[in-house]
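Residue indices begin at 1 and follow the sequence shown.
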Amino acid sequence: MAAGSSRSRKQFAYDVFLSFRGEDVRKSFIDHLRHALSQRGITAFYDDTGLQRGDEIQSKLYEAIESSKVAVVTFSRRYANSRWCLDELVKITECRRSHGLIVLAVFYDVDPTNVRKQSASYWEAFREHEASYGDERVKKWRQALKTAADLAGFVLQHQANGYEAQFVQHIVKEVERKLDARLLDIPKYMVGAESSLIRQISTWLQNGSSQVQVGIIYGPGGVGKTTTAKVVYNENHRTFESSSFLVGVRTALGNETEFTRLQKQLIRNITGKEVIDIDSVPEGRQKIRKAIGTKKILVVLDDVDEEVGLHKMFDCSGWFFSGSKILVTTRNQHFQINNKSIARFEACLLDKKCSVELFSYHAFGQPAPPENYLNISMSFIEYCDGLPLALEVLASSLQSIRFEMWEHEFARLEKYFAEEVNNVLKWSFHSIQQSTVKDIFLHIAFYMVGMEKESALQILDGCGLHGKIGLENLIGKCLVSIEKNSDTLNMHHLIQQMGYEVVRQESHIELGRRSRLLGQMDAYEVLWKKTATRAVKGLSLKIADALDIDISLEGSYAGDPAKRMLMTYTPTKPSRQVPRQFRPIKTDAFTKMNNLDLLLLENVKLEGGYEDFPKGIKWLSWLGCPLKEIPLDFYFDELVVLDMQKSCLVYAWPGWKYIGALKVLNLSHSRHLRSTPDLSGAHMLEWISCEDCTSLLEVHESIGKLENLTHLNLDGCINLVTLPESIGNFKKLTRVTLKDCRNLRNLPINMLVSAEYLDLEGCHTLFKRSDQVEPSAATVLENSTNIIIPAASEACPVPCPPPPLPFNICLPSLKRLSLINCGISGDDIMEMMSFAPSLELVDLSNNPIGVIRNTTGSRPCLKLGYLGLKNCGVSRVDDMGLMSLALSLSYLELSNNPIRVMDNMNRAAYPKLEMLVLNNCPNLESISNISRDILLEADHSHSLKRITYYEGGRSIKEKQRHLIEANDYQNQVEIEQAAWLL
């Protein structure tokens, strides 16, 4: 399957197009269906006029079909009598094939076989049509009916026993599933979305087996394996209890940080938990084991070369719940997992017809080339030989070239490049006119795959490359893409390999004359032999940690300050052996690299002075730096990103240092660091991270002068006691994380005036009054004068009185607040929330809150959607005044509380509640007056006996009682449904 349809999301005017025979069903079934769709917020187009159709009306209907995401075709007994309906159906099937239109067939009082074979009333209709219309038109009608009838559809008698109301609800539910906003993003252009491969994989996913099964989609790079996996995931994930789609397993395999990110994503997708803490890959495996063994799930792992990628994530044989499925995309046809039986699905090259469509959509925005482009287009299409990636890249590149130049471009392609895919991609690179855009492409290919877009743009702009314009150019040529969910840079592996080849061609023999160096072989050789020249713009050298047993021959890390991707790179002389012992590199090996912009080192030891070290570096990443402090003769004048994670730094650098271009400073996991450096010369600094700097005792007072600071991360600085009192108003600081700063005893309020995200989890000392703090801490607090209460503002019209807590002041911008495990009682919560009117998420879990009362008449938090009160000693919800502040609450977490009864959970009290979580509540006996549309989770609440649901808007004459048996215990829960009239 490959990308290829002209449907752009912004073109959709309707969610659903309703096709039907008006005389049969307009005023009955269709009217009910339209009303039900409307109630669910689904916009539907349908012809309710019943007027005689003409060309103008038909044209508008066709336009509506093309502007709809889903078409629901209702076949009734006289549907085939109308040539207008049949023409409409032909248009729908054409859009399904070329545009990816989703089609749902509904059989209303008609057998699907009669539609498929045109028998019974359909035979009679076609007997008349054959006498009145041409054979070609009738043939199209017959084929359209057969195609539509072959689709999985809805049959009134089979699925609802003839009850229309239930039948309508089945259809609406399926339409909602098809329109699910959580579906994975698929390419704008689609070819082969209904291919036999898609059907085979979907059939396997829905085979009903109770076994844990593994399937692989295999094929060469660029053949469409990932796109195929996304399509089948979108079509089938809702039939599993939970699901997860993990991208880039191969690239993350050699990078613990990136791999633990995938582990967290998997657990988050399966459990729904927002915060997942994983410190190591082994710990992640154990947490995954607990998460995936409780329910039937679907897990898709994209781009896995070897089975080690799976085993590092989980054990396929015994950890999964029965009926779960694991789908893997790989280039390895012989992929094996402990001799486990694997379903294998081959992703094949496109045939000629699909190749023409895919090429044409990308080059011309239509399914076939214009007549005058046909011959030359076929030359390019045949050259690509059915590889989707090559078709997309070439066609996109040709868009900007005048037609009279196409022949010359094809001649150049044939003359200078072989038939291999790398050469096709390389030609696309050479079609870029601007040298700056080429530099951006090569920087990304070598060092920035997996980096957040904004971080990459900071570095590229620092290099004077006008990153935003160049990146858009590369995206338009399909050389780079942006991951929708993570906003990170992505590049197909084959295109990345093409970038490597471009740089190799710069100098076949002399490595030091290449613009970019990557990997232990090439980079280390150049540095050890001191053969670098001014041509070098980027260099990456990762040396394995001393505790590592194996040293990768091809591995090298790249990425932004928080994420680094393991990329495959073939060295110039792959037969060379990588030395098991790396000698320190002399700093004078860098002397001739006058144009060095990017320097990425890991566990590399440098010896010598830095007077002649390159002074134009924009991005320095030196992970595991052995220096205790950066020397004064190490110049940072043009540095934009400084990443010194896992370093041995104690004081970073002595005294004042000019770093006027610096925007990102990352000293995380530097466990010897005792103080942050003097940053008074870093007026452009936006992002600081000192996470897990466990020896950090002091934050230098110069931080208070950083007017452009937006992010401050001090998570895990367990020995940090105070923050500087000189901090002024941070007008741009939106994110402050102080998680597990358990000894922190002051919090300058002025630093929070613009904060949107504040994480104080585990900062329990911060909320102790001076008489509760140990003597040493009390001494620190005695002289603290940095708690300043700002005057009233428009967002907070009432001046804030002196609060019992140091942060209980007006925070008009605050949206997300975490106070987990801070030792807070219920008496302090209400006032704090009332002075933060923009709050959307609050987590107060693991605090001795007990009962919360709104005794002050505090204003409601009209935007609060999530409230976490897990393990807070809450016993009665009806006494919780906090609920009066949460009119917009959609998610309420009350797990691990001694609640006995949950009363009045109706729409009047909770107008927007969507999810109620009551897991592990041992005293919980009953839940009453809960709306049917609220999702309820009450796992391991063993005393629960009764749940009463109330439905609004209609009366129910008889109570319906059902007994269900919970999976985790033997108690029977009585579910009662009663009337609730609004």
Side-chain angles (χ1 to χ4, degrees), residues 9-10 184-188 226 230 245-248 251-252 255 257-258 261-262 264-265 302-303 393 396 429 432 434 436-493 495-496 499 516 537-538 540 557-567 597-598 600 618-621 639-643 645 661-666 684-689 708-711 713 732 734-735 756-757:
R9 285 160 181 75
K10 62 184 178 183
L184 297 175
D185 192 31
I186 58 176
K188 175 182 177 181
T226 299
K230 286 182 177 181
F245 194 106
L246 303 180
V247 178
T251 54
N255 184 332
T257 301
E258 188 65 13
R261 183 191 67 78
L262 287 181
K264 292 177 184 178
Q265 179 189 336
D302 181 50
D303 194 12
V393 173
S396 298
F429 170 80
I432 300 173
Q434 301 89 350
T436 55
V437 179
K438 289 184 176 181
D439 271 337
I440 291 173
F441 170 78
L442 293 175
H443 276 339
I444 294 173
F446 272 74
Y447 311 118
M448 296 181 176
V449 173
M451 178 183 287
E452 290 183 358
K453 182 180 74 173
E454 290 305 316
S455 298
L457 290 177
Q458 285 180 328
I459 297 170
L460 295 172
D461 288 341
C463 295
L465 297 177
H466 305 288
K468 188 172 183 179
I469 297 174
L471 183 58
E472 287 301 314
N473 191 322
L474 295 174
I475 292 173
K477 291 182 177 295
C478 298
L479 291 172
V480 177
S481 62
I482 305 297
E483 286 294 328
K484 181 179 179 181
N485 296 330
S486 58
D487 201 36
T488 54
L489 301 182
N490 189 31
M491 181 180 291
H492 192 279
H493 178 63
I495 298 176
Q496 191 176 37
R516 290 156 185 85
K537 296 181 179 180
S540 174
Y557 289 93
D560 66 4
K563 302 178 182 178
R564 300 180 306 284
M565 300 290 286
L566 178 66
M567 302 187 297
D597 286 329
L598 315 178
L600 314 178
K618 311 304 186 300
W619 177 18
L620 173 60
S621 176
L639 199 62
V640 177
V641 174
L642 177 60
D643 183 359
Q645 295 185 68
L662 191 67
K663 293 187 176 182
V664 175
L665 174 63
N666 194 345
M684 297 296 292
L685 194 58
E686 299 175 0
W687 195 92
I688 298 177
S689 179
N708 291 299
L709 192 65
T710 61
H711 287 65
N713 181 0
K732 297 182 180 180
T734 58
R735 187 179 182 92
E756 297 179 3
Y757 178 97

Non-hydrogen side-chain atoms of Leu460 and Leu471 separated by less than 4.5 Å: no

Interatomic distance, Leu709 atom CG to Ile688 atom CD1 [nearest 0.5 angstrom]: 5.0 Å

Donor-acceptor contact present, side-chain Glu686 to main-chain Asn708, <3.5 Å: no

Approximate separation, where rounding is to 0.5 Å, of Ile440 CD1 and Met448 CE: 9.0 Å

Distance-minimising heavy-atom pair for Leu489 and Ala456: CD1-CB, 3.5 Å

Worked verdict on Thr488 versus Lys453 for side chain to side chain contact (heavy atoms under 4.5 Å, CB included): CA-CA 5 Å; Thr488 54; Lys453 182 180 74 173; over 6 Å; no

Full working for side chain to side chain contact (heavy atoms under 4.5 Å, CB included) between Trp687 and Asn666: CA-CA 8 Å; Trp687 195 92; Asn666 194 345; 3.9 Å; yes

Nearest heavy atoms of Leu262 and Val247, plus distance in Å: CD2-O, 3.7 Å

Donor-acceptor contact present, side-chain Glu483 to main-chain Glu452, <3.5 Å: no

Heavy atoms of other groups near His466 NE2, more than 12 under 6.0 Å: no

CD1-CD1 distance between Ile482 and Ile475, expressed to the nearest 0.5 angstrom: 4.0 Å

Flag, side chain of Asn490 to backbone of Ser481, donor-acceptor distance under 3.5 Å: no

Heavy-atom pair with the smallest gap, counting every atom of Ala252 and Glu258: CB-CG, 3.4 Å

Nearest heavy atoms of Gln434 and Asn473, plus distance in Å: OE1-ND2, 3.7 Å

Check: Gly538 main-chain N/O paired with Tyr447 side-chain donor or acceptor under 3.5 Å: yes

Inter-residue atom distance Gln645.CD - Thr257.OG1, 0.5 Å rounding: 6.5 Å

4.5 Å side-chain heavy-atom contact, Val664 and Asp643: no

Distance-minimising heavy-atom pair for Val640 and Gln458: CG1-O, 3.7 Å

Which atom of Phe245 lies closest to which atom of Gln265, heavy atoms considered: O-NE2, 2.9 Å

From NE2 (His443) to CG (Leu465), nearest 0.5 Å: 5.5 Å

Exceeds 12 heavy-atom contacts within 6.0 angstrom, atom CD1 of Ile469: no

Audit row: Ile459, Met451, side chain to side chain contact (heavy atoms under 4.5 Å, CB included) steps and yes/no: CA-CA 11 Å; Ile459 297 170; Met451 178 183 287; 4.0 Å; yes

Worked verdict on Arg516 versus Asp597 for salt bridge (charged side-chain N to carboxylate O under 4.0 Å, His left out): CA-CA 10 Å; Arg516 290 156 185 85; Asp597 286 329; over 6 Å; no

Working for side chain to side chain contact (heavy atoms under 4.5 Å, CB included), residues Leu479 and Ser396: CA-CA 10 Å; Leu479 291 172; Ser396 298; over 6 Å; no

